[in-house]
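Contents: one structure, followed by commentary.
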Amino acid sequence: MQLDRETLLTAYRSMATIRAFEEKVHEVFARGEIPGFAHLYAGEEASGVGICLHLDDADYITSTHRGHGHAIAKGCDVPAMMAELFGKRTGLCLGKGGSMHIADLDKGMMGANGIVGGGPPLACGAAFSARMLNTNGVVVSFLGDGSINEGSTMEAMNMAKVFNLPVIFAIEDNEYAQATATAWSVAGSMTKRAAGFDIPTTLVDGFDFFDVHQAAGTAIDKARNGEGPQLLHIKLYRYYGHFEGDATTYRGKGEMAKVKETKDCMVRFRADLTSQHGIAESDLEQIDTEIAALIEQSVQDARQAESPREADLHTDVYVSY
């Protein structure tokens, strides 16, 4: 699947924005400026961007508690996202969702989810909607390796297959379900579990943008063309702890440093762009500069924005149909 220069630069900008956003959140969270919890996506950028590059506003995604990267990859507004994390009225959810429930339905981002395995059933509902409304839309359900052990995930896979729904289950296997290594918590093979429902599966190198993009494109095309649900088992690694403040004592000595040094998806993608696709280092540096300015301004604006008012407690609780 050949990508033109504009698409490659768009992918790089999205990946670099996620990395810069998460690094800044890590910084300001440590200073106590962001309330609640935050689960960072740094290290997994190739997955969210490689998949969402195939989607448009008519397509939907469901996310996990680690949803910032998915939101940015799906096109959500970065300053509004930062304001949401700060709990301000200028946020995507008016400051009432925060990190773990950030959402933008106008962009097809159905929301981060604090419930492990909470996304797959929602994805089935959105896929039913796409079919009933004849939108030709697909739904990508991002889920972590821990959610593969949840009954809701298994039930959603069964339902998706029974009704031949256009759902792609994208398992982002970052090797740890909170503090438990996947090897300790997941029996057998994730892909074979999906095969038990006759759902086609693909094992994907989540450190390689091009591998993700190729596999996702094939799976999404099949789902969109009526071939039913698909599953991607994406092997990758998160750089920060399960949540901000996690001491990560469960990781081996030097484990994360080795992954960063040898597998980092941003380093790999940047090298491919300059060596294989004729993109100048200066072009990427210009994008990096623009992103840094955007993120810094987003933080400054969020700090100065108004907090929710007491009256806001009674708004957006129910939807009126």
For [X] and [Y], which heavy atoms make the closest approach, and how far apart are they?
X: D173; Y: K235; result: OD2-NZ, 3.3 Å
X: N113; Y: G119; result: ND2-N, 4.1 Å
X: E84; Y: G98; result: OE2-N, 2.7 Å

With a sphere of 6.0 Å drawn around [atom1] of [X], does it hold more than 12 non-hydrogen atoms of other residues, nucleotides or ligands?
X: F197; atom1: CZ; result: yes
X: F86; atom1: CZ; result: yes
X: M159; atom1: CE; result: no

Q: Please determine which of K258, K263, E255 meets the side chain to side chain donor-acceptor pair (under 3.5 Å) test together with Y237.
A: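 For Y237, the side chain to side chain donor-acceptor pair (under 3.5 Å) check succeeds only for E255.
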Check: [X]/[Y] side-chain N/O donor and acceptor closer than 3.5 Å:
X: R66; Y: H242; answer: yes
X: T274; Y: E281; answer: no
X: E290; Y: Q286; answer: yes
X: Q178; Y: Y250; answer: no
X: T7; Y: D4; answer: yes
X: N136; Y: R131; answer: no

Q) Out of H65, H68, H70, which one pairs with F142 under the ring pair (Phe, Tyr, Trp, His ring centres under 6.0 Å) rule? A)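 Exactly one pass, corresponding to H70.
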Q: Could you walk me through whether E306 and R309 pass the salt bridge (Lys or Arg N to Asp or Glu O under 4.0 Å) test, one step at a time?
A: CA-CA 9 Å; E306 181 185 5; R309 304 163 184 166; 2.7 Å; yes
Q) Can you check side-chain hydrogen bond (donor to acceptor under 3.5 Å, both in side chains) on T315 and K96, steps first, answer last? A) CA-CA 10 Å; T315 62; K96 298 191 288 184; 3.0 Å; yes
(Q) For the backbone of I168 and the side chain of Q230, can you confirm whether one donor and one acceptor N or O come within less than 3.5 Å of each other? (A)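 Pair absent, no side-chain N/O of Q230 close to backbone of I168.
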Q. So, K88 side chain and A302 main chain: donor-acceptor pair closer than 3.5 Å or not?
A.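 Present.
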Q: Would you check, one step at a time, whether the test side-chain contact (heavy atoms from CB on, under 4.5 Å) holds for S185 with Y176?
A: CA-CA 9 Å; S185 62; Y176 293 99; over 6 Å; no
Q | Aromatic ring proximity F21/H26, centre distance under 6.0 Å | A |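 That pair fails the under 6.0 Å test.
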(Q) Could you work out, with side-chain hydrogen bond (donor to acceptor under 3.5 Å, both in side chains) as the rule, every residue matching T180, not counting sequence neighbours? (A)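 Applying side-chain hydrogen bond (donor to acceptor under 3.5 Å, both in side chains) to T180 gives none.
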